[in-house]
Student: 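Pasting a structure below so you can have a look.
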Number of protein chains: 2
Amino acid sequence: MPVGFSPEEMQRIDAVVEKRRRVRQGEALYNNGDDFTALYAIRSGFFKTCVTSNDGREQVTGFQMAGEVIGMDGIVNDNHNCSAVALEDAEVCVMPFTMIEEMSRDLPALQRHVHKIMSREIVRENGVMLLLGNMRAEERLAAFLLNLVQRLHARGLSQSELVLRMSRDEIGSYLGLKLETVSRSFSKFSEEGIIEVRQRYVKILAPDALKKIFNPQTYV
Amino acid sequence: MPVGFSPEEMQRIDAVVEKRRRVRQGEALYNNGDDFTALYAIRSGFFKTCVTSNDGREQVTGFQMAGEVIGMDGIVNDNHNCSAVALEDAEVCVMPFTMIEEMSRDLPALQRHVHKIMSREIVRENGVMLLLGNMRAEERLAAFLLNLVQRLHARGLSQSELVLRMSRDEIGSYLGLKLETVSRSFSKFSEEGIIEVRQRYVKILAPDALKKIFNPQTYV
DNA sequence: TCTCGTCTTTGATTCAGGTCAAAAGATTAT
DNA sequence: ATAATCTTTTGACCTGAATCAAAGACGAGA
């Protein structure tokens, strides 16, 4: 969240952010097609967002954790273009978008913050496109693990251990791979001593080896 | 561009939009890493945007034409995260971002417009992720052609004929395919009488057949 | 007009990842 | 505790797209 506001301004911001909503594991915060009314700041829990082609194929477009904001996909057409599903019990701040717009007219720092959040999402998706368009299975998984552990570390968690909140199938959907390929890649990393895997628990034993897989040239 | 402004407001908007820049074919409007200062509204010409992994693999993230706005990738980090290269001689409006922010504080309709543009880009990229993660070569090419021709048609051009501004290699990069695969898919469509291709000239003979390839289920 | 360089097509072959199948672990419900 | 269900792993095999290679086609410049 942005910084550098006066106490009075913070109070206004708090008012926007006061409404909470709990979402149980497996439930949708919003679904594709739902009316767009608000952005959501994740307070706790873990989400996936996904789009579905009209013949039913699902693509996970991202995994989001505490501190991240979701829902921007709804702004263009006043209804959501993807679904956001909780992968564990979660709580979000409901931030009505009209209030956000109103307030960011008065508070340039908030305005800039909103723009940055959306731009960050564009940049993130650029990165995923690069991954999906150019990388091989093991590179994708390495990139995924490194990204996840880095974000968790930024939240005070371990930079080497994590518990995946999503299934192999969901990881595969995000990475453009089948679940068997994800599983095989995990096993391969494990055999090579790069990681330790037990179901959804993952320990990164050799982060440099992962980085090397993710980006071979840098280390040659 | 947004509508519904008073003459006075239009004048202010015109002031933002008055600065022009010409970009010759093959030149970059901005490069990855460049300082971010402005968004660009394309007045004429055709661009590609692309990101590059640090080992040099390039991913085309989009093709942009007149009326579209590019540069939003630069907002988060105050420098551009991708490059925008003109595929034909082009002219853009340079819209300094500080001016956009300033004005959109006064003009809610402009503010909303800026938000929609960014949201539209997020949604577009969601669609590309679905394409890259789930579709086979011919589906990707069909989706690409249909999208392109639809956008051209919205600009008053034919809905069945088009001249590609980009090479097979660039199409391949965008679609996550090698250029040979793009070429083969073109040939296949051509053999099947779905399109007529002569180099970069493409005529869509059977749009429904293309739509069927793009989205099989709908027609079953 | 001819040549050079670039882009495109096509063919032959290879291979990464998909598909199908089955077993082994987890997790939940009874 | 046990059964039932879901998830994950692993194996065998297949296939769509990549790779390698060569020949055409086109456009720019001499």
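In the text below, chain A, chain B and the rest are named by the order of the sequence lines, each starting its count at 1. Since the structure is predicted, the reported quantities are computational estimates derived from the model, not experimental observations.
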Student: Return the value, rounded to whole Å, for the distance between atom CD of Glu139(B) and atom P of dG16(D).
Tutor: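 Distance, rounded to whole Å: 12 Å.
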Student: Between atom CG in Leu87(A) and atom P in dT7(D), what is the gap in whole Å?
Tutor: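 Between P of dT7(D) and CG of Leu87(A): 12 Å.
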Student: In whole angstroms, how far is the C1' atom of dG27(D) from the CZ atom of Arg198(B)?
Tutor: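 Rounding to the nearest Å, CZ of Arg198(B) and C1' of dG27(D) are 15 Å apart.
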Student: For Leu141(A) and dG17(C), give me the distance from atom CG to atom P, rounded to whole Å.
Tutor: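 It is 11 Å, rounded to the nearest whole Å.
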Student: Any chance the side chains of Asp55(A) and Ser53(A) put a donor and an acceptor closer than 3.5 Å?
Tutor: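 Present: a donor and an acceptor within the cut-off.
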Student: In the structure I gave you, are the side-chain heavy atoms of Lys178(B) and Val182(B) within less than 4.5 Å of one another anywhere?
Tutor: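 They are not in side-chain contact.
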Student: For the pair made of CD in Glu138(B) and C1' in dA17(D), what is the distance, rounded to whole Å?
Tutor: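 About 11 Å, once rounded to whole Å.
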Student: OP1 or OP2 of dT8(D) versus the side-chain N and O atoms of Arg200(A): is any pair under 4.0 Å?
Tutor: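 Checking Arg200(A) against dT8(D): at least one side-chain N or O falls below 4.0 Å of OP1 or OP2.
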Student: When the distance from CZ of Arg57(B) to P of dT19(D) is rounded to whole Å, what number comes out?
Tutor: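 Rounded to the whole Å, the gap is 11 Å.
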Student: Does the separation of the ring centres of Phe47(A) and Phe63(A) fall below 6.0 angstrom?
Tutor: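 No, they do not, as the ring centres are separated by 6.0 Å or more.
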Student: Expressed as a whole number of angstroms, how long is the span from Arg136(A):CZ to dC15(C):P?
Tutor: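 Interatomic distance, CZ of Arg136(A) to P of dC15(C): 11 Å.
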Student: List in numerical order all residues of residues 178-188 of chain B for which some heavy atom is under 4.0 Å away from an atom belonging to DNA chain C.
Tutor: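 Going residue by residue through residues 178-188 of chain B, the ones with a heavy atom under 4.0 Å of DNA chain C turn out to be Leu179(B), Glu180(B), Ser183(B), Arg184(B), Ser187(B).
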Student: Count the heavy atoms belonging to other residues, nucleotides or ligands that lie under 6.0 Å from CD of Glu161(A), then report whether that count exceeds 12.
Tutor: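 Yes, because the 6.0 Å sphere around CD of Glu161(A) holds more than 12 heavy atoms from other groups.
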Student: Give the rounded distance in Å between these two atoms: CZ of Arg168(B) and P of dT10(C).
Tutor: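 To the nearest whole Å, that distance equals 10 Å.
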Student: Contact class for Gly176(B) (heavy atom, under 4.0 Å): base, sugar-phosphate, or nothing?
Tutor: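 Sugar-phosphate, backbone atoms only, no base.
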Student: Take Glu170(B) and Lys48(B) through the test salt bridge (Lys or Arg N to Asp or Glu O under 4.0 Å) and record every step on the way to the result.
Tutor: CA-CA 9 Å; Glu170(B) 286 162 336; Lys48(B) 68 169 176 180; 3.0 Å; yes
Student: Say whether His80(B) and Asn31(B), considering side chains only, have a donor N or O and an acceptor N or O under 3.5 Å apart.
Tutor: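 Absent: no donor and acceptor within the cut-off.
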